[in-house]
Amino acid sequence: MKSIVYMDHAAATPVAPQVIEAMLPFFDREFANPSTVYDLGFKAKGVVDEQRARVAELINAEPEEILFTASGAEANNLAIKGSVFASYGKKDRIITSAIEHHSVLNSARFFERLGYEVAVLPVDASGVVDPKHLHKILDNDASRVALVSVMHGNAEIGTLEHIEALAALCHQYGVLFHTDAAATVGNIPVDVKDLGVDLLTISGPAFGAPKGTGALYFRRNTRLMPLVHGGIQERGRRAGTENVPGIVGLGTAASLARNGLAERMALLEELRDRLITGVVERVPHVVCTGHPRMRLPGHASFCIEAVEGEALIYMLSREGIYANTGSACASKALKISPVLGALGVPAATAQGSVVFTLNETNTPEEVDYVLEKLPQVVATLRAMSPIWKD
Amino acid sequence: MKSIVYMDHAAATPVAPQVIEAMLPFFDREFANPSTVYDLGFKAKGVVDEQRARVAELINAEPEEILFTASGAEANNLAIKGSVFASYGKKDRIITSAIEHHSVLNSARFFERLGYEVAVLPVDASGVVDPKHLHKILDNDASRVALVSVMHGNAEIGTLEHIEALAALCHQYGVLFHTDAAATVGNIPVDVKDLGVDLLTISGPAFGAPKGTGALYFRRNTRLMPLVHGGIQERGRRAGTENVPGIVGLGTAASLARNGLAERMALLEELRDRLITGVVERVPHVVCTGHPRMRLPGHASFCIEAVEGEALIYMLSREGIYANTGSACASKALKISPVLGALGVPAATAQGSVVFTLNETNTPEEVDYVLEKLPQVVATLRAMSPIWKD
Amino acid sequence: MYSEKVMQHFATPQNVGVIEDADGVGEVGNPVCGDMMTFYIKVNNGKIEDVKYQTFGCVAAIAVSSQVSELVKGKTLEEAKSLTKGVVAEALGGLPKQKMHCSNLGADALARAIHDYETRTHGQHPCPHRENQTAGCTQGCCDTGEIS
Amino acid sequence: MYSEKVMQHFATPQNVGVIEDADGVGEVGNPVCGDMMTFYIKVNNGKIEDVKYQTFGCVAAIAVSSQVSELVKGKTLEEAKSLTKGVVAEALGGLPKQKMHCSNLGADALARAIHDYETRTHGQHPCPHRENQTAGCTQGCCDTGEIS
Ligand SMILES: Cc1ncc(COP(=O)(O)O)c(C=O)c1O
Ligand SMILES: Cc1ncc(COP(=O)(O)O)c(C=O)c1O
Ligand code: FES
Ligand code: FES
């Protein structure tokens, strides 16, 4: 057993040695600016475009349909603001879902002060958006809708959405569709042609690329106003000197992520199910959050009654176990997680949120270690909890 | 003589070994997300805040007045869109200058479609903004002005602006003032308190930090709407997982930049003057662009009559000399550089733009090598130029 | 993020538990994030002879309750009543800004426990906001535990 | 960014220079980026016996002029007239998209030089858009060098 059992891969992943190795030359040796007109600059531009092709390959896109960004959040902002501003004055509605990442939700809300209406699609108790809700709104007045944005997979509850159906519905009505695939790309197969989306968000650190990287897929001819206005980088769609080493890291990680994805997923599903089954068996009064089957392979999420998540995470970390929580106390806003709220989880139950996100370096032994420690930690906290009655 | 004489430090700088060294642990060993609530996350957050203090120190700001971005262009966009949106509905004018970077100008122009007016301050033949033009506009109707943005130093012509006077004028009228100091921070002393600015843009790669880094100084209590909406990072002002290694690179480069700045500037001024004097002596019909004294220390820029810049840069690069050009043929828009245009340089003359930006690794021998090769290259191109008559 | 002292209290919280035959019990719910704290006191000769608590809340909330219990154990009721959130936070070596509200929880729950004790033993309500023994509190402070 | 072939021409441009006693001279200014190219031809027996040029322009413009001069040297006027920018770009192994317009420069300047030669020698204007020898061109093609 290694001394640290890290199961918070949705929050951060270590960068693999071969990814770091690939990046290194671009800090000091091949440092030219890709926008310069001499050979060193062309070479740098060529390197950037090679990575574009590698990222495109990961999601079955064309290289020129990939824009590099500095994060998944930036890609979400660019997708939403870029496409909504592109139809400014013609459309005035945005549709999104109740379990989106803040970067999607707040980008949409930003338009409210410019006079737009934002419609939020509800989810069921396992976090799934039913296309019929979208159908109803579109049927009513699709011509006003600038964009529909529904995430591919949720990092807090692991649920995967019916993106193909939602995208098809949008296209039936001639409406643009974006999906935030920050939690899925690199972790499950993502094929933009199968999904049929117009815009798709990628976050680098979700699959072993360095922090400070992300990308946006935009289907050819999708109109986008830049989020970062300025020069000619990314063909005028995103200004700022290209982060060449970061982009090389993203491209290399994208190539690595394609290798043995199916095997990796099978392994993770097994570990995940071992963890979920074990927790449900050993910890009384625990609720599994998200969808039981339509979920990310390495993702196990729970709400444990009568304990608070931040305290739980702390106690777990003292045993060397690193996980996440959506507890109100751990949030900056000190409010119930909007995702858990949207599922209808009561506020007190949501306080006991704990999320384990595994990757292929995790082992069955580590899972068993968690299954040994978690019940102890929960028991300790419950022993001092005024709302625990057993 | 090293085989490459790199004199395009305004476009890109190599990252120093100690900066790379400082970044490395944060890719794989200390990779936790700074927003997590366990010890590893707090440590990462602490590291980010240490870098904030280092960047603040470089410009005499407080740590909480520094926001990290992914580029100077993003910092410019955040400064302009963030502050202008913060007074949306109350003000409807933006003032900038004729020699701004595209990221400033296009951010301002973006507001035109939202009903704003953009006033562009003219510059004199050496690229200097006369505060009296600003005075006139402010005197007319300062209450409508959301922001004034005038750059600190121009990377194409090297000219430095009267920022203190412009900022003081703005504050006299209660108007917010931003300066794009992407070309100056790290290269000359920049003190936000002396300058008296409300917002100031920093670009990492301008002083040896890795690409993909930048920062915005915002004076305490300056209202800013996020450019990248989303979560809680950067205290709600810029969402997206923090680029921890990049930020460590920026902080380390900021600390290095403070060391011996005065000596470095003196050295660069000497090299620059050797280059300028030499070029003027040896190349007939050459125009020096920018201000003769109020200019960046390592910056030498010219327009060479009857030759075209891209061809010139190519021929220089074949001699191992790397420089830049603002020629129309080298620009994506294939138009005369707006900066040279604003100075009143005729279009044909502007085609001969060549810009050398030195740093402290350049030597007098390298300058002499340029002084040997440049006249030969110019002669070769002029020999085939139909507009050259000698 | 948390001080050494907070972490110590959290790792080994003192005086956790329930006093079955408590002389006073005070319970508060945290309006900010929805957590809960209950204090139990045993009073003897005007002094807090024993104190215990239960806490459903974050690391700070647990450390705060432990710190409060230590600060007031053996103290007179008057001394205990003068305990403020500032004193608690200071004793803990400070709290992160967004966690300062958690230090209210401890002082409030204790104050309610003392209030409960006083109501029970004196057969009268010490609240200054009631006109007589039978009328209710007119300011609502008895519902929020704000007894001064 | 540029092909090998472009770089070769740029490094050692062929046929650069002026023919002092040229039979035809054609000059074009590049409306896109404001550069300039002048072609000089010497004609013998309906063939381009010699060709030279001067170019003020980018790498692509210089390579294009060199390539054009090579393509037409020794060719008949009719063959030379049929030269298109596409042929020039292809001969160069392609040009970056934003540099395609530079390949116009070469074909245009050459066409003007031939036009100049024909006007001079035949004492007549070969432009199809004039009704007779004395009237001007009615379509403006003579001002833009678009002779077909
Ligand atoms: C004056 C000025 N502003 C902004 C920028 C953009 O900086 P970045 O490339 O970091 O986006 C530059 C880049 O050279 C610059 O010179
Ligand atoms: C679904 C989803 N969208 C967006 C993001 C933001 O990505 P980044 O941290 O790269 O900005 C995340 C981050 O975890 C995420 O899970
Ligand atoms: S109890 Fe919720 S933040 Fe402390
Ligand atoms: S001559 Fe200007 S781009 Fe070629």
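All figures in this text were calculated on a predicted structure; none of them were measured in a lab. Here is the naming used below: chain letters follow the sequence lines, and residue numbers restart at 1 for every chain.
In terms of non-hydrogen atom pairs under 4.5 Å with chain B, the most contact-rich of A:Gly204, A:Pro226, A:Ala323 is A:Ala323. Top candidate by heavy-atom pairs under 4.5 Å with chain B, chosen from A:Arg113, A:Glu310, A:Arg29, A:Glu30, is A:Arg113.
For the pair A:Lys211 (side chain) and B:Phe31 (backbone), a donor-acceptor distance under 3.5 Å is present. Formation of a donor-acceptor pair under 3.5 Å by the B:Asn77 side chain with backbone atoms of A:His229 is found in this model. Between the A:Lys81 side chain and the B:Val228 main chain, no donor and acceptor come within less than 3.5 Å of each other.
Taking every heavy atom of both residues into account, B:Ala12 and A:Asn33 meet most closely at CB-N, 3.7 Å.
Classified by interplanar angle (parallel below 30°, tilted 30° to 60°, perpendicular above 60°), the ring pair A:Phe85/B:Phe85 is parallel.
Neither the backbone nor the side chain of B:Phe68 comes within less than 4.5 Å of any heavy atom of chain A. With a 4.5 angstrom heavy-atom cutoff, A:Ser317 touches chain B only via side-chain atoms. With a threshold of 4.5 angstrom between heavy atoms, B:Leu227 approaches chain A through its backbone and through its side chain. The contact between A:Ser103 and chain B is made by backbone and side chain atoms together, counting heavy-atom distances below 4.5 Å. With a threshold of 4.5 angstrom between heavy atoms, B:Leu105 does not approach chain A through any atom at all. Interface remark: B:Ala32 contributes backbone atoms only to the contact with chain A (heavy atom separation under 4.5 Å). The contact between B:Thr13 and chain A is made entirely by backbone atoms, counting heavy-atom distances below 4.5 Å. Heavy atoms of B:Glu242 lying under 4.5 Å from chain A belong exclusively to its backbone. Residue B:Pro17: no heavy atom, backbone or side chain, is found under 4.5 Å from chain A.
Side chains of B:Asp8 and A:Tyr38: a donor-acceptor N/O pair is present below 3.5 angstrom, by distance only. Under the 3.5 Å distance criterion, with hydrogens and angles disregarded, no donor-acceptor pair is assigned to the side chains of B:Asp39 and A:Tyr314.
Taken from OG1 in A:Thr213 to CG in B:Asn243, the straight-line distance is 8.5 Å, to the nearest 0.5 Å.
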